[in-house]
Amino acid sequence: MIHLDGRLPGSWNSAPIGVMETTDLYFLPDGRGWSRYESISKALDIGRFRWHCTDARLLVLRYTWRVHGEWATDPDGFAVVHHSRPDDEVIETGYRVMPQPSPVSGATGTALLLDEHVDFETTFYRGRDAVTPADDPSAAFLPYRPTPRPAPPRPAAPRPAR
């Protein structure tokens, strides 16, 4: 069965990867999200995905769009976009949400631990509890479509008489 784990919405930040690169994950409560990879070389890569979880404790990230360019310092977004195109990568990974000491500060925080790498990282620490599509740097030139409204409930099928 597919579901959305209510512990995941919000932002999750990696510790710096060798102090030169970082990866962040952003989960929206409606099953959309994005990954953000950036490096000191000014590379910025945003990968939009749809996410869900399975009963087998797998997190599935189905990428739909990828934007690559260079980051700007003000505002926090793209200074230059090199390419923007559809993406069909799918990552299925085991995951755990648990207390974990930060390698940077040593303080214990809530961590998202993945069995597979997402943009070079497997450990992410809780950032903000709430994010919106406007927090995605690629939304400035590739707006999100409104979230579809759920369909009205279907009437129950009549039960056979006994």
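Scope of the values below: all heavy atoms of this structure, side chains included, with no hydrogens, waters or symmetry mates.
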Met20 CE to Ile40 CD1 distance, which is reported to the nearest 0.5 Å: 5.0 Å
Hydrophobic cluster partners of Leu4 (side-chain heavy atoms under 4.5 Å): Leu8, Trp12, Leu25, Phe27, Phe49, Trp51, Leu59, Leu61, Tyr63, Ile91, Tyr95, Val97, Leu112, Leu114, Val118, Phe124
Ser138: which of Arg48, His68, Arg66 passes side chain to side chain donor-acceptor pair (under 3.5 Å): Arg48
Heavy-atom pair of closest approach, residues Gln100 and Ala111: CB-CB, 3.4 Å
Nearest-0.5 Å distance that lies between atom OG in Ser84 and atom CH2 in Trp65: 5.0 Å
Minimum heavy-atom distance between Gly106 and Pro101, given as atom pair plus value: O-CB, 4.0 Å
Side-chain heavy-atom pair His83, Val67 within 4.5 angstrom cut-off: no
Closest non-hydrogen atom pair, Glu116 against Thr93: N-OG1, 2.8 Å
Distance (rounded to the nearest 0.5 Å) between Thr22 OG1 and Tyr37 OH: 8.5 Å
Reported CG-to-CG distance for the pair Asp119 and Asp45, which is rounded to 0.5 angstrom: 6.0 Å
For Pro29 against Pro9, the heavy-atom pair lying closest together: CA-CG, 3.9 Å
Heavy-atom pair with the smallest gap, counting every atom of Tyr26 and Arg36: CE1-CB, 4.0 Å
Arg57 side chain reached by Asp5 side chain, heavy atoms, under 4.5 Å: yes
Pairwise distance CG(Asp136) to CD1(Ile46) - rounded to 0.5 angstrom: 5.5 Å
Derivation of the side-chain contact (heavy atoms from CB on, under 4.5 Å) call for Thr64 and Arg50: CA-CA 7 Å; Thr64 59; Arg50 299 288 301 178; 4.2 Å; yes
CZ (Arg126) with more than 12 external heavy atoms under 6.0 Å: yes
With Ser39 via side-chain hydrogen bond (donor to acceptor under 3.5 Å, both in side chains) - residues at least two apart: Ser41
Atom pair CZ (Arg7) and CG (Asp129), whose distance is rounded to the nearest 0.5 Å: 14.0 Å
Check: Leu44 and Glu70 side chains under 4.5 Å, non-hydrogen atoms: no
Backbone of Asp115 reached by a side-chain donor or acceptor of Thr122 within 3.5 Å: no
Minimum side-chain heavy-atom gap Pro137-Trp71 below 4.5 Å: no
Partners meeting salt bridge (Lys or Arg N to Asp or Glu O under 4.0 Å) with Arg128 (sequence neighbours left out): Asp135
Tyr125-Val131 co-clustered via ILVMFWY side chain contacts under 4.5 Å: no
